There are 2 protein chains.
Amino acid sequence: MTRSEAFSQQPASRRIAQALRTAIERGELSAGAKLPSERALAEEYGAARNTAREAIRLLAEQGLVTAKHGRGVFVREPQRLFRFGSDRYSLKNRETGLTPFRLEAKRQGKTARIDVLGITREVPSPDIAERLKIRDDQETVVHRKNHYFADDEPVQIVSTYLRWDEAQGTLLMQPKAGPHGIYGRLEELGHVMTRVRDEISARMPTPEEARLLGLPPGVPVLEVLHTSLDQDLEPFEVSRYVHRADRTGLLYELPVE
Amino acid sequence: MTRSEAFSQQPASRRIAQALRTAIERGELSAGAKLPSERALAEEYGAARNTAREAIRLLAEQGLVTAKHGRGVFVREPQRLFRFGSDRYSLKNRETGLTPFRLEAKRQGKTARIDVLGITREVPSPDIAERLKIRDDQETVVHRKNHYFADDEPVQIVSTYLRWDEAQGTLLMQPKAGPHGIYGRLEELGHVMTRVRDEISARMPTPEEARLLGLPPGVPVLEVLHTSLDQDLEPFEVSRYVHRADRTGLLYELPVE
DNA sequence: TCAAGCAACTGGCTTAAGCCAGTTATGCTC
DNA sequence: GAGCATAACTGGCTTAAGCCAGTTGCTTGA
């Protein structure tokens, strides 16, 4: 069976989607361009409106287009990625007084904003407890939940977990942690970050995450479960980053040992 | 507006989806369990079959369920992830004679298989050319395309790019590159890997990638654009990994410099 | 010239009905 | 007990029709 035979034997919705996809890939529909409406596509391909609609939905699911209620369907524009290098933990960045997020936002000429959504004492989930080497049957962690924006666009959600017994009564319990953020406080408590462990995965967002991050269909999230180790190679902080995958790239440069 | 008000004001397909999602999260529908059929859900919720079908589609898009033609819709089972540590490039792994992929497959009691789909001389794309520091207007690279399986299940697609002038006439042009794979040959050519750079992102798969990896809807891919640097800190190999995100986790452990 | 209202466009969502194709279970026959 | 055929189940996909809600553009009046 030739390719065009395979094409013609596909359901109409997939054929319409493929034709549109090809137009996008060939540049006939450039980034930001508006697609023909559902009704126009239905007429053009001799299909029902719902069939054309299904074709557009397939493209949205593949991350190629975004539908906007009452306005149209647009080819998604590639976003300039927020790039987080493995040097984002480096002490030399500390000298700028800026966190990695603020540094990257500045590099892109954008205004960083961090909303502290909550600071609560909690029983840790098993995966956090395991990494912080604490019990998971008592309220042994402080959970700081932050929401990061660049020019008012949500980019990432970060949950940071610290040991309660260290954090209680310190600025770690406050929205504003003071100079150099939480790492400054943790260093004063004797934890100098010497090594880090990042566990990286990708998945589709939960509805709540999609809502918080303003994600359209077809955009996954990049999750980083980060553990900071101190001079004794003991874990002292765990953070879970949930990044919009259409806005975030990670970069690791490391020696081969 | 209370949460239940927000719930009741949602379209029926989303309410049905949320109810099913809650049942999954509460364990009432455990991993591997079969959901009620479209027709049964339609009757149960007093909706049209297509409305129930849309609800199931939403769950599939969120990566929670998988529909199987003629059989039913099943709660997706969490897969044991293929975990690739940053030490996968380490020389000490070389002593085992096994590549990182084979090591991980062995750890999980699975049979690794690598299909070499092609070895071709090509003009590199700009992003590859830039990283290998070669021209992108001539056929200056060898492109090795491999497909990796664990117990006959596709896990990743890897495209490796090497300089043509180094690879021509060597085992690098053969499916079987000899002891220690391509890195053994490259070392013989004077390239000892000392540093690596991994650029990590996530996105939805192209239809072709979805086909090759056997991906159901709602599963993104994790892409790693890997560059190997030698003892002179010169790039000598670039590989693009496309991993099934439901089967792959990456781990980076590194010092803070 | 500006603002407001309305028509026409757009996508969002549902319904009823139907047919196709894959899978499973049951019953019957050998 | 095994195998085959068929019915009933399942999901896949389409159609026609309709209504709702958001947006845009045009017209009219002040």
Side-chain angles (χ1 to χ4, degrees), chain A residues 1 5-20 29 32-62 64-76 207 210-211 214-218, chain B residues 1 6-20 29 32-76 207 210-211 214-218:
Chain A
M1 179 194 294
E5 274 166 347
F7 181 85
S8 62
Q9 280 193 0
Q10 285 206 35
S13 53
R14 289 187 183 272
R15 285 192 279 107
I16 298 172
Q18 183 56 47
L20 292 168
L29 284 166
K34 185 177 165 189
L35 268 61
S37 70
E38 298 171 357
R39 293 167 178 87
L41 285 172
E43 190 165 347
E44 181 181 343
Y45 287 90
R49 189 193 147 205
N50 268 342
T51 303
R53 187 177 170 75
E54 168 70 8
I56 292 177
R57 194 199 59 70
L58 286 172
L59 296 176
E61 186 180 62
Q62 291 162 17
L64 290 178
V65 303
T66 301
K68 301 191 176 191
H69 194 172
R71 296 180 64 195
V73 177
F74 301 86
V75 180
R76 189 171 293 169
R211 190 178 68 76
L215 290 174
Chain B
M1 181 195 290
F7 181 86
S8 62
Q9 280 193 358
Q10 286 205 33
S13 52
R14 289 186 183 272
R15 285 193 279 107
I16 299 171
Q18 184 56 48
L20 292 168
L29 284 166
K34 187 177 164 190
L35 267 62
S37 70
E38 298 171 358
R39 292 166 178 89
L41 285 171
E43 190 165 347
E44 180 181 342
Y45 288 90
R49 187 193 147 205
N50 267 344
T51 303
R53 186 177 170 74
E54 169 68 6
I56 293 175
R57 193 197 61 70
L58 286 172
L59 295 175
E61 184 180 64
Q62 289 161 17
L64 289 178
V65 303
T66 301
K68 301 190 177 195
H69 196 173
R71 295 180 64 196
V73 177
F74 301 86
V75 181
R76 189 171 293 169
R211 189 180 67 77
L215 290 174

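What you are looking at is a predicted structure, and each value in this text was computed from that prediction instead of being measured. Side chains included, hydrogens not; waters and symmetry mates left out as well; all remaining heavy atoms used. Quick note on labels: first sequence line is chain A, next is B, and so on, each numbered from 1.
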If only atom types and distance count, is the side chain of B:Arg15 paired as donor or acceptor with the main-chain N or O of B:Gln10 below 3.5 Å?
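Between the backbone of B:Gln10 and the side chain of B:Arg15 there is a qualifying donor-acceptor contact (under 3.5 Å).
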Nearest heavy-atom pair of A:Arg76 and A:Pro216: which atoms, and what distance?
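Of all heavy-atom pairs spanning A:Arg76 and A:Pro216, the closest is NH2-CG, 3.5 Å.
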Which atom pair, heavy atoms only, marks the closest approach of B:Ala42 to B:Ala52?
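Closest approach of B:Ala42 to B:Ala52, heavy atoms only: N-CB, 3.8 Å.
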Got a salt bridge between A:Glu61 and A:Arg57, using NZ or NE/NH1/NH2 to carboxylate O under 4.0 Å?
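Looking at A:Glu61 and A:Arg57, the cut-off is met.
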Distance under 4.0 Å to a non-hydrogen atom of chain A counts as contact; along DNA chain D, which nucleotides mark the start and end?
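Under 4.0 Å from chain A, the extent on DNA chain D is D:dC13 to D:dT24.
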Taking the side chain as every heavy atom from C-beta outward, state whether A:Leu35 and A:Val75 have any atom pair closer than 4.5 Å.
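Yes, at least one pair of side-chain atoms sits under 4.5 Å.
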Decide yes or no for A:Leu41 and A:Ile56: does some side-chain heavy atom of the first lie under 4.5 Å from some side-chain heavy atom of the second?
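Yes. Closest side-chain heavy atoms under 4.5 Å.
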What residues in residues 47-58 of chain B put a non-hydrogen atom under 4.0 Å from any atom of DNA chain D?
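Within residues 47-58 of chain B, the residues near DNA chain D are B:Arg49, B:Asn50, B:Arg53.
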Determine the sole option in B:Glu38, B:Glu54, B:Glu43 for which the side chain to side chain donor-acceptor pair (under 3.5 Å) test with B:Arg49 is passed.
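Only one of B:Glu38, B:Glu54, B:Glu43 forms a side chain to side chain donor-acceptor pair (under 3.5 Å) with B:Arg49, namely B:Glu38.
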